[in-house]
K.L.:
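Before anything else, here's the structure in question.
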There are 2 protein chains.
Amino acid sequence: MTSPAVSSRDLPHPTREEIRLEGVLHALSDPMRLRIVRELAAVGDELSCSHFDLPVTKSTTTHHFRVLRESGVLQQVYRGTAKMNGLRKDDLEGLFPGLLDCLLDAAARQAVRLDGA
Amino acid sequence: MTSPAVSSRDLPHPTREEIRLEGVLHALSDPMRLRIVRELAAVGDELSCSHFDLPVTKSTTTHHFRVLRESGVLQQVYRGTAKMNGLRKDDLEGLFPGLLDCLLDAAARQAVRLDGA
DNA sequence: CGACTCGTACGATAGGCATCGTAGTACGGG
DNA sequence: CCCGTACTACGATGCCTATCGTACGAGTCG
């Protein structure tokens, strides 16, 4: 088997063609979600939901991950009890070349400017 | 006078430092507002509010222009009875280099993809 | 002045959404 | 089989927002 521990539970994702720029921008216009995406991009690999230590409850965290998945920014898959999250880099790059990097750069610049980090 | 017919009425704008990426993304995540920005960028000059023929009432149009101004995407100034709108290209480029062009390109690609135009 | 155009203000409405808490399901390990 | 961990589902709440209609203010032109 190529993917050993992938659960049968699976989650609805938009196809590449169904992804809308407005939806992506809306998803990224929330600070919590932008933070998730930045961390995911920095690590460059899939991360479980529980890896993120966000200042909101788990319910709210679930909500944010769903928005990111339904807008086409993330792909999610269950692996055991964990839900792994990965950026849909290829799809986004195919639809909107350069946009993701540009947004991440913009977010990084703002973080430096505001937090001095 | 440098600006002859500028009315005394003036409008609150965020300074460059006050512009937030989240706010800009939120402003552009509305189809009506994205359309306004695309048209403004295509023309490359200031346009009056009444130039835009949007499928919403004038009240709603006013609302969208205010959101764009308050997020720092547009600058607005009264000229006679008209209110002229211009993209804050320099400020956006200074804060988030390349972002505006990237977003406009993404919007254009999506328009081609969906409307075949 | 009077009429007309452009845009605003205000209130209403309906829907969306970020957040929480609690109760529940799925999976893996002892 | 039972327990703990990871995540979900559902309902509630309060706020934000896209939209409208109507009434009004500011400016221009005859």
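Naming: A, B, ... by sequence-line order, numbering from 1 per chain.
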K.L.:
In chain order, what residues pass the salt bridge (Lys or Arg N to Asp or Glu O under 4.0 Å) check against A/Asp105, with sequence neighbours excluded?
P.N.:
A/Arg109
K.L.:
Does a side-chain heavy-atom distance below 4.5 Å link A/Glu18 with A/Ser71?
P.N.:
no
K.L.:
Do you reckon B/Met32 sits in the same ILVMFWY cluster as B/Leu47, going by side-chain contacts under 4.5 Å, direct or chained?
P.N.:
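Yes, one cluster joins them.
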K.L.:
In residues 32-42 of chain B, which residues come under 4.0 Å of DNA chain C by heavy atom?
P.N.:
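Those residues: none at all.
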K.L.:
Looking at residues at least two apart in the chain, or sitting in another chain, which of them share a salt bridge (Lys or Arg N to Asp or Glu O under 4.0 Å) with A/Arg20?
P.N.:
none
K.L.:
Enumerate the ring-ring contact (aromatic ring centres under 6.0 Å, His included) contacts for residues 32-77 of chain B, please, sequence neighbours excluded, ordered by first and then second residue.
P.N.:
B/Phe52-B/Phe65
K.L.:
What residues in residues 58-68 of chain A put a non-hydrogen atom under 4.0 Å from any atom of DNA chain D?
P.N.:
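Heavy-atom cutoff 4.0 Å gives A/Lys58, A/Ser59, A/Thr62.
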K.L.:
Once each nucleotide of nucleotides 11-16 of chain D is scored for protein heavy atoms under 4.0 Å, what B/S/- sequence comes out, 5' to 3'?
P.N.:
------
K.L.:
The side chain of B/Ser48 lies closest to which of these nucleotides: C/dG7, D/dT19, D/dT28?
P.N.:
C/dG7
K.L.:
Picking from C/dA26, C/dG7, C/dG21, which would you name as closest to the side chain of A/Thr57?
P.N.:
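Among the listed nucleotides, the one closest to the side chain of A/Thr57 is C/dG21.
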K.L.:
With the side chain of B/Cys49 defined as its heavy atoms from C-beta on, choose the nearest nucleotide among D/dC20, C/dG7, D/dA26.
P.N.:
C/dG7
K.L.:
Does a side-chain N or O from A/Tyr78 land closer than 4.0 Å to OP1 or OP2 of D/dA6, or not?
P.N.:
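False: A/Tyr78 side-chain N/O out of range (4.0 Å or more) of D/dA6 OP1/OP2.
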K.L.:
Does this structure show an ion pair linking B/Glu17 with A/Arg113, if we count only N-O contacts that are shorter than 4.0 Å?
P.N.:
no
K.L.:
Mind checking whether B/Gln75 and B/His13 have side chains closer than 4.5 Å, heavy atoms only?
P.N.:
yes
